[in-house]
Amino acid sequence: MTRTGPQKIPGASQTYFYGSGQYSGSDMEVNCGVVHTTEGRVLPSYSSGAMAPTVTGVPDIAAKKIRWYQHYDVDESARALANKLGGVQTNTANAFQIELVGTCDDSKKTSWDGKRAGVDYLHWPTAPDWALAEVAWLVRWLNANHGIPLTCVKDWLAYGKDTRRPGVTPASYGASSARMSFAEWQAFKGWCGHQHVPENDHGDPGSMDFARVIALAKAAEEPTTPSAPAQPATKPRVSVAHIAAAARRDPPAAQGHTTYKAEVLVVEHALRAEGLLPADYVDGSFGTKTVAAYARWQRSPAGGGYTGADADGIPGKNSLRLLGARRGFTVTD
């Protein structure tokens, strides 16, 4: 099989490239992507390539950039997935593999061995938009040059408690409902997580907001290198009047009722990024769970530190603007 399209990722370091050594991979044509988290704070050694992905992203939090390290050519199999005898192929199943340095473990959402999330490391399920936009740059480049679809699986279970898998913690680990069957995996195209791949037990990257990555990839004007993060062509705009109306109308209505769905989704994605709203309630309906999440935002110092009736979950201009400033959307009247 001949590798087609550009094989080196623009701007990625080739310092730890293993494709020409002892652990070189097999030729393939990528049509899907798998996302991992390293569960560490520095670039792993991968046993000199024995367990390496295609590429590793190391967050430079101060610069708000991801530094990419490429380990294999794009159309060369990597080695970060388990592959059991007698089952299906995993590493060689046309899968491009990304490892993101940081954690998906919800027990480390705010701190980890004295280090602070968002300052010293990233907790990827609550990663800031700049980090998701950096991942989106690579996702978009792979779509443009190798045809990996700008789609992803729907359910990304938390590496912690998750209402979609009650009684099991971490919910994303092991034989969850999110993990694909052999047939589903063999037919899969698009993006998924380690937690979705059969023959594997790991639950990374947890409840990472990969739908947001896809949205950024679709909206972005492609920069020339990954050091220039992908950004939406224009920031999403939400009307405080529309959002407040949705918060008042949606909860009493039938389940799933939506008012101003597109704008509500912008706010729900922001609440999810703040760690306040589970992924399964990001649905465009400003229902009771979203109201409760917004009330928690209002009470937080970042959301204005409101108390009592002022933190009722109905968005006001100031709290919504504070959320927009942190999460990349513009608030209008």
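All of these numbers come straight from a predicted model, not from anything done at the bench. Heavy-atom basis, side chains included; hydrogens, waters and symmetry copies ignored.
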Would you please say whether a donor-acceptor pair under 3.5 Å links the side chains of [X] and [Y]?
| X | Y | value |
| --- | --- | --- |
| Asp105 | Ser107 | yes |
| Thr103 | Tyr159 | no |
| Gln7 | Asp75 | yes |

Q: Could you tell me whether Arg179 and Asp201 have a side-chain N and a carboxylate O separated by less than 4.0 Å?
A: no
Heavy-atom distance under 4.5 Å between the side chains of [X] and [Y], does that happen here?
| X | Y | answer |
| --- | --- | --- |
| Phe182 | Glu199 | yes |
| Ile214 | Val139 | yes |
| Arg296 | Leu271 | no |
| Leu323 | Phe329 | yes |
| Asp106 | Pro125 | yes |
| Pro53 | Arg79 | no |

Hey, can you tell me if [X] and [Y] have their rings parallel, tilted or perpendicular (30° and 60° cut-offs)?
| X | Y | result |
| --- | --- | --- |
| His146 | Trp141 | tilted |
| Phe17 | Tyr72 | tilted |
| Tyr260 | His242 | parallel |
| Tyr69 | Tyr16 | tilted |

**Q.** Gap between atom OG of Ser77 and atom OH of Tyr23 - 0.5 Å precision
**A.**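 Answer rounded to 0.5 Å: 14.0 Å.
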Q: Starting at NE2 of His36, measure out to CG of Asn200 and round the result to the nearest 0.5 Å.
A: 8.0 Å
Q | For Val58 against Val101, the heavy-atom pair lying closest together | A |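 Shortest heavy-atom contact: CG2-CG2, 3.9 Å.
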Q) Of the non-hydrogen atoms in Trp185 and Thr90, which two are nearest, and what is the gap between them? A)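 Taking every non-hydrogen atom into account, CZ2-O, 3.8 Å.
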Q. Trp191 and side chain to side chain contact (heavy atoms under 4.5 Å, CB included): which partner among Ile148, Asn143, Val135, Val34?
A. Ile148
